[in-house]
Amino acid sequence: MMRFTNIGVAQFRNYLAEKFVFTERIVAICGNNGTGKTNLLDAVYYLCFTKSYFSKPDAQSVYQQLRGFRIEGEINSDNAVHEAVCILRETNRKEFLLDEAPYKKFSQHIGKFPCVFIAPDDVEIITGGSELRRNFIDTIIAQADQAYLLHLIDYKKLLEERNALLKAAAEKNYLDETLLNIIDTQLQKSGSNIFQYRHSFLGSFIPEVQRAYQYIANSDDSLSIKYDSQLINNSFGKLLEENRQRDLYLQRTSAGVHKDDLEIAMSGQPFKTMASQGQRKSLLFALKLAEFEILKQKKGFAPLLLLDDIFEKLDNQRMNNLLAKVCIEENGQVFITDTHRDRLETALNNVGVAYQLIGL
Ligand SMILES: Nc1ncnc2c1ncn2[C@@H]1O[C@H](COP(=O)(O)OP(=O)(O)OP(=O)(O)O)[C@@H](O)[C@H]1O
C-alpha cells in the first residue's frame, strides 16, 4: 500500500506557497480552468519521477519571475513514512532527497513510488511519432526494473558517442575505426539487453491492453498490437556491421532499438488512420490501465493514479466503469481533477466510494 498524505509546494508554477493534506484514498480536485489542478498532479508526479510529466525544463516550473522551487511530500509506503523533497536551487541545480538523503543519481529513485498519469494530450501516444510510444513503454519497464533504466541510460550515451564519431569522421575525412569498434561492441550489448526486456515485457503487456480495450470499448474492434523492432529477425551486432557504410554516409546510426515502435492496427489497417475519436480514447485508457495492472503485479501494490480532466474524454457509462474499476476494485490512491464540481461529486457518489474534495 502506498499513500501520499500531504504535499507542499513553494514557488512552483502558479503556487507561491501552499500545502495540501490528503485525508482519503480518493482525492477529487476541482476548480476552474487555470487554477492549478494539473500543476498539483504534476507536483505529485515530480516526487515520483524527479521530473515533470510534461517534459518541461525545470526552470519553466518556477513561479513567474522568481528563482528556484521546492516540492516536498510525505508518503506512507511499506508501513513506513517517507519524505521526498525536490529542490530546484536558484542556480538552476536540481536536488532530490528521500528521507533527508540526497540522491547521487536520480535514476535510483525511479520505481520507488510507481505512478500512472492520464492527461488530456496523452492520445498523442497513439497518434504521434514512435518516440512517444517508446517513452511510454520505457517508463513502465523502468519503474518495474531499475536495471532496465541503466541499460537505457548507457544506450543513449553510447548512441550519442557513436553519432558524434560518425560526424567527426565525415568532417575530418578520417575514421577512428578502433574506437568505433569499441563503441559498437558496447552498444550492441546494451541494445540487445533493451530488446530482450522490451520483448519480454510486451509479451505480457499486449494481452493486458487487449483485455482492457475489450472492457472499455465493449468490443475488441479486431485490435492488434505488435512489437516492431529491427532486432526481431537480426542480431544487433550484424545490423551495426551491415549498416556501417550507410551510417558513415548518413553520419548517424540507422539501426537499433532507438527505432523500435508498436505497430497498432484495427481490422488490418493502421489504427492511427482508421480509428474514430472514441476508439482512440478507449485505446488510450486501455494502454494506461494495462500499465497500472502490470506495475501492480510487478510491485505487489497498486501504483498511484493521476487522472487529469478525464471527464471530457469518456461518456458517462465508460466513466462509471472506469471509476468503479480504479476506485473500488483496486485499493490504490487516486487523484482526479475536473472543472465541474457537481459532475465530479455525482460520479464519485454513483460509484459509492469515500473521497476528499479539494476546491482550488
Ligand atoms: N511558472 C509559472 N509561474 C506562474 N504561473 C504559472 C507557471 N506555470 C504555469 N502557471 C500558471 O498555472 C496555470 C495553469 O495551471 P494548470 O494547468 O494546473 O490549470 P488547471 O487547473 O489544470 O487548468 P485546466 O482546467 O485548464 O486544465 C496557468 O494560469 C498558468 O499561467
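R25 and Y355 are not linked by any side-chain donor-acceptor pair at a separation below 3.5 angstrom, with hydrogens and angles left out of the test. N163 and Q251 form no side-chain donor-acceptor contact under 3.5 Å, judged by distance and modelled atom types alone. Between N39 and Y15, the side chains place no donor N or O within less than 3.5 Å of an acceptor N or O (distance only, hydrogens not considered). Side-chain atoms of S52 and D42 include a donor-acceptor pair closer than 3.5 Å. Of the N and O atoms on the side chains of D247 and T253, not one donor lies less than 3.5 Å from an acceptor on the other residue. Between the side chains of R343 and N316, no donor-acceptor pair is found at a separation under 3.5 Å. T5 and N76 share no donor-acceptor pair across their side chains, judged by distance under 3.5 Å alone. Residues D58 and Y46 have side chains that bring a donor and an acceptor to within less than 3.5 angstrom of each other.
A salt bridge does not link D260 to R133: none of the charged side-chain nitrogens sits closer than 4.0 Å to a carboxylate oxygen. With respect to R70 and E72, a salt bridge is recorded, a charged nitrogen being found less than 4.0 Å from a carboxylate O. E131 has no carboxylate O lying under 4.0 Å from a charged side-chain N of R134, or vice versa, which leaves the two without a salt bridge. Using a 4.0 Å cut-off between a side-chain N of Lys or Arg and a carboxylate O of Asp or Glu, R211 and E208 qualify as a salt bridge.
Side-chain contact check for F12 versus L40: every heavy-atom pair is 4.5 Å or farther apart. In this structure, the side chains of E161 and L179 stay at 4.5 Å or more apart for every pair of heavy atoms. Residues Y45 and F113 fail the side-chain proximity criterion, which asks for heavy atoms closer than 4.5 Å. Looking at heavy atoms from C-beta onward, L306 lies out of side-chain contact with V116 at the 4.5 angstrom threshold. Proximity of K112 to K299: side-chain heavy atoms (C-beta onward) are nowhere separated by under 4.5 Å. Y53 is not listed as a side-chain neighbour of C115, based on a closest heavy-atom distance of 4.5 Å or more. The side-chain heavy atoms of L322 and R318, taken from C-beta on, include no pair separated by under 4.5 Å. Side chains of L47 and F4 form a contact here, defined as non-hydrogen atoms less than 4.5 Å apart.
For an aromatic pair to be called close, the ring centres must be under 6.0 Å apart, and H340 with F311 fails this. Ring centroids of Y227 and F195 are separated by less than 6.0 Å, placing the two rings close together.
Note on I194: it clusters hydrophobically with I232, by side-chain heavy-atom contacts below 4.5 Å among ILVMFWY residues.
Judged as a ring pair (Phe, Tyr, Trp, His ring centres under 6.0 Å), and not counting sequence neighbours, the contacts of F54 are F117.
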Can you check ring pair (Phe, Tyr, Trp, His ring centres under 6.0 Å) on Y197 and Y148, steps first, answer last? CA-CA 7 Å; Y197 267 96; Y148 181 70; 5.2 Å; yes
How far apart are the C-alpha atoms of L16 and L66, what are their side-chain angles, what is the distance that settles it, and do they pass the side chain to side chain contact (heavy atoms under 4.5 Å, CB included) test? CA-CA 10 Å; L16 199 46; L66 298 177; 3.7 Å; yes
Do I75 and V81 pass the side chain to side chain contact (heavy atoms under 4.5 Å, CB included) test, and can you show the C-alpha distance, the side-chain angles, and the key distance before you say yes or no? CA-CA 6 Å; I75 306 112; V81 180; over 6 Å; no
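A cation-pi arrangement is absent between K94 and F106, since the terminal nitrogen or guanidinium carbon is not both under 6.0 Å from the aromatic centre and inside a 45° cone about the axis.
Taking every heavy atom of both residues into account, I126 and F271 meet most closely at CG2-CD2, 3.7 Å. In plain terms, the two heavy atoms of A347 and N320 that are nearest each other are O-OD1, 4.2 Å.
Hydrophobic clustering, defined by side-chain heavy atoms of Ile, Leu, Val, Met, Phe, Trp and Tyr closer than 4.5 Å, groups I87 together with V85, L97.
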